[in-house]
Amino acid sequence: MTPLARQPILTAAAMRVAEQSAMDRGATVDSLMARAGAAVAEVVRRLSSAAPVLVLCGPGNNGGDGYVVAGELARAGLSVRIAASGLPATDAARNARARWTGPVEDLGDAGPAPVLVDALFGTGLSRPLDAAIAEPFLELVAAARLSVAVDLPSGVATDDGAVLGTVPRFDLTLALGSAKPSHLLQPAARFCGAVRVLDIGIPIESETFVLGRPVLAGPGPDAHKYSRGMVVVIAGAMPGAAELAAQAALRARAGYALLLDGAAHGTPHAVVRKPWRAELLDDARIGAILIGPGLGRDRSAMAKLDSALASRHRLVIDGDALHLLDQSRLGMLRSRDTVAILTPHAGEFAALFGKPAGSKIDAARGAARQFGAVVVFKGPDTVVAAPDGTVLVTETSSDWLSTAGTGDVLAGTIAAMLAADPAPMNGAGAGVWLHAEAARRLGPAFLADDLAQALTAARASL
């Protein structure tokens with residue numbers, strides 16, 4: 001049972017390809033089902049405290065997994081019941097049902113149990129559950145002390161995070177072979193509870209992974225403020241946003257933060273402040289430039305963005321600057337020698353790239369390839385995509401990040417990571433992780449100012 005961090009993510013179609021690869025090497029559908037059922041049963045056995053278990057079985061191979069789970073638990077000495085939504089409809093499920101020696105109740109007539117295992121429907125579901133299934137299903141899950149979903153909670157789509165009708169919240173979801181997009185994409189992810197991956201002997205290959213804890217070295221004995229990374233933040237109409245970003249950059253990693261056109265006096269005093277002049281971007285010591293937080297969208301903002309795009313430095317583009325990326329500036333972006341990082345939220349993404357098609361993962365990957373930039377598609381399920389197709393997806397983050405200024409803190413954090421590491425995907429991923437960790441440490445009800453300060457402890461934890 002493996003935590004999600006750094007695990008590969010497979011769509012339903014990619015999982016079928018992986019299963020076929022396993023069968024090409026000698027496995028069968030029945031043997032894969034046996035592995036999956038045994039792995040789930042072992043976890044349920046350890047967590048159940050010997051309490052009675054109710055396994056819900058559907059007609060497909062997910063239901064077949066459930067029959068195997070029940071058999072393994074019964075052989076381990078647990079009290080187990082099965083409630084089915086109908087007869088098995090695949091050969092492997094029928095074989096698994098035939099090996100179950102106990103009774104099978106009708107789902108609509110089943111009574112609750114302290115431990116519930118959902119093996120009704122797994123990957124590939126495309127429509128809501130029928131009412132005859134959904135109503136008893138919701139009641140039985142609600143009545144359980146511990147609820148465990150096999151692969152995915154029944155009632156969620158596999159690939160795009162969609163919820164197909166009313167779905168109960170589970171305590172634990174056991175992903176078979178690999179994580180699936182809906183373990184991480186909202187709104188489906190919120191119904192999965194804790195997600196753990198079970199190895200069932202299937203070869204997994206993917207370009208999409210769960211974001212993991214970064215490995216960041218501290219400054220060495222020869223370090224100085226410029227070697228740690230100099231970040232330039234270009235302010236504008238709302239300088240407070242740029243102030244937050246500059247503070248975040250210093251607390252996350254940077255040795256020097258230069259705020260251009262910000263308030264003449266402010267805190268922390270470690271932030272250096274100068275009036276805007278385009279020639280200040282010619283400094284060879286600059287590690288990264290951040291433009292966009294509170295920039296505005298007037299002629300002055302456009303001129304600043306043009307100067308940033310024309311510079312040779314690594315670049316993070318956020319907020320208002322994203323709205324100013326017309327076709328001409330996108331051409332400048334594509335022609336730059338250094339890959340930029342774009343950090344749109346959903347509204348900015350739609351304004352820049354159009355309404356997302358497919359899943360959030362698909363949309364971010366497509367945008368990164370189209371514009372030759374790393375795209376950090378922000379939200380409760382942030383997706384980081386590179387032009388080469390590599391994608392990182394975050395685990396569920398704090399709902400309390402939904403407050404003004406937290407995106408500015410994220411942009412500053414990413415800029416600090418980029419200033420010290422020329423690989424933009426590394427910088428984007430590390431910045432997103434630190435931002436989420438700072439929010440986790442704060443708990444509920446914080447301000448963006450608190451979040452920037454909490455980066456100190458988050459960075460110290462690495």
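We use all heavy atoms of the structure for the numbers below, so side chains are in, but hydrogens, waters and symmetry mates are not. Remember, predicted model here, so these are calculated numbers, not experimental data.
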Participant: I need the Leu216 CG to Asp421 CG distance, nearest 0.5 Å.
Facilitator: 8.5 Å

Participant: So which pairs with a foot in residues 330-345 pass salt bridge (charged side-chain N to carboxylate O under 4.0 Å, His left out), sequence neighbours left out?
Facilitator: none

Participant: With a 3.5 Å cut-off and no angle check, do the side chains of Asp362 and Ser359 form a donor-acceptor pair?
Facilitator: yes

Participant: Under the salt bridge (charged side-chain N to carboxylate O under 4.0 Å, His left out) criterion, do Arg45 and Glu42 qualify, and how do the steps go?
Facilitator: CA-CA 5 Å; Arg45 183 192 65 78; Glu42 175 59 21; 2.8 Å; yes

Participant: Are Arg440 and Glu437 within salt-bridge range, i.e. N to O under 4.0 Å?
Facilitator: yes

Participant: Check whether any side-chain N or O of His323 sits under 3.5 Å from a backbone N or O of Ala351 as a donor-acceptor pair, and report yes or no.
Facilitator: no

Participant: Does Lys180 pair with Asp159 as a salt bridge, N-O distance under 4.0 Å?
Facilitator: no

Participant: Is a donor on one side and an acceptor on the other found under 3.5 Å between the side chain of Arg253 and the backbone of Ala415?
Facilitator: no

Participant: Under a 3.5 Å cutoff, is there a donor and acceptor pairing between the side chains of Thr338 and Arg314?
Facilitator: no

Participant: Taking atom types as modelled and ignoring hydrogens, do the side chains of Gln20 and Asp24 form a donor-acceptor contact shorter than 3.5 angstrom?
Facilitator: yes

Participant: Indicate yes or no: at least one non-hydrogen side-chain atom of Ser182 is less than 4.5 angstrom from one of Leu152.
Facilitator: yes

Participant: Is there side-chain contact between Lys360 and Asp160, with at least one heavy-atom pair below 4.5 Å?
Facilitator: no

Participant: What I want to check is whether the side chains of Ser328 and Asp326 have a donor and an acceptor closer together than 3.5 Å.
Facilitator: no

Participant: If only atom types and distance count, is the side chain of Arg273 paired as donor or acceptor with the main-chain N or O of Val271 below 3.5 Å?
Facilitator: yes

Participant: Within the side chain of His183, is there an N or O that forms a donor-acceptor pair under 3.5 Å with the backbone of Asp151?
Facilitator: yes

Participant: Counting only N and O atoms by type, is there a donor-acceptor contact under 3.5 Å from the side chain of Ser178 to the main-chain atoms of Pro8?
Facilitator: yes

Participant: Indicate every side-chain donor-acceptor pair of residues 116-126 with a distance under 3.5 Å to a residue at least two apart or in another chain.
Facilitator:
| from | atom 1 | to | atom 2 | distance (Å) |
| --- | --- | --- | --- | --- |
| Asp118 | OD1 | Leu120 | N | 3.1 |
| Asp118 | OD1 | Ser154 | OG | 2.8 |
| Asp118 | OD2 | Ser154 | N | 2.8 |
| Asp118 | OD2 | Ser154 | OG | 3.1 |

Participant: Without swapping roles, check the side chain of Asp408 against the backbone of Pro293 for a donor-acceptor pair under 3.5 Å.
Facilitator: no

Participant: Please confirm whether the backbone N or O of Gly407 pairs with a side-chain atom of His435, one donor and one acceptor, at under 3.5 Å?
Facilitator: no

Participant: I'd like to know if the side chain of Thr394 and the backbone of Thr382 have a donor-acceptor N/O pair within less than 3.5 Å.
Facilitator: yes

Participant: Indicate the ring-plane relationship of Phe137 and Phe170, choosing parallel, tilted or perpendicular according to the 30° and 60° boundaries.
Facilitator: tilted

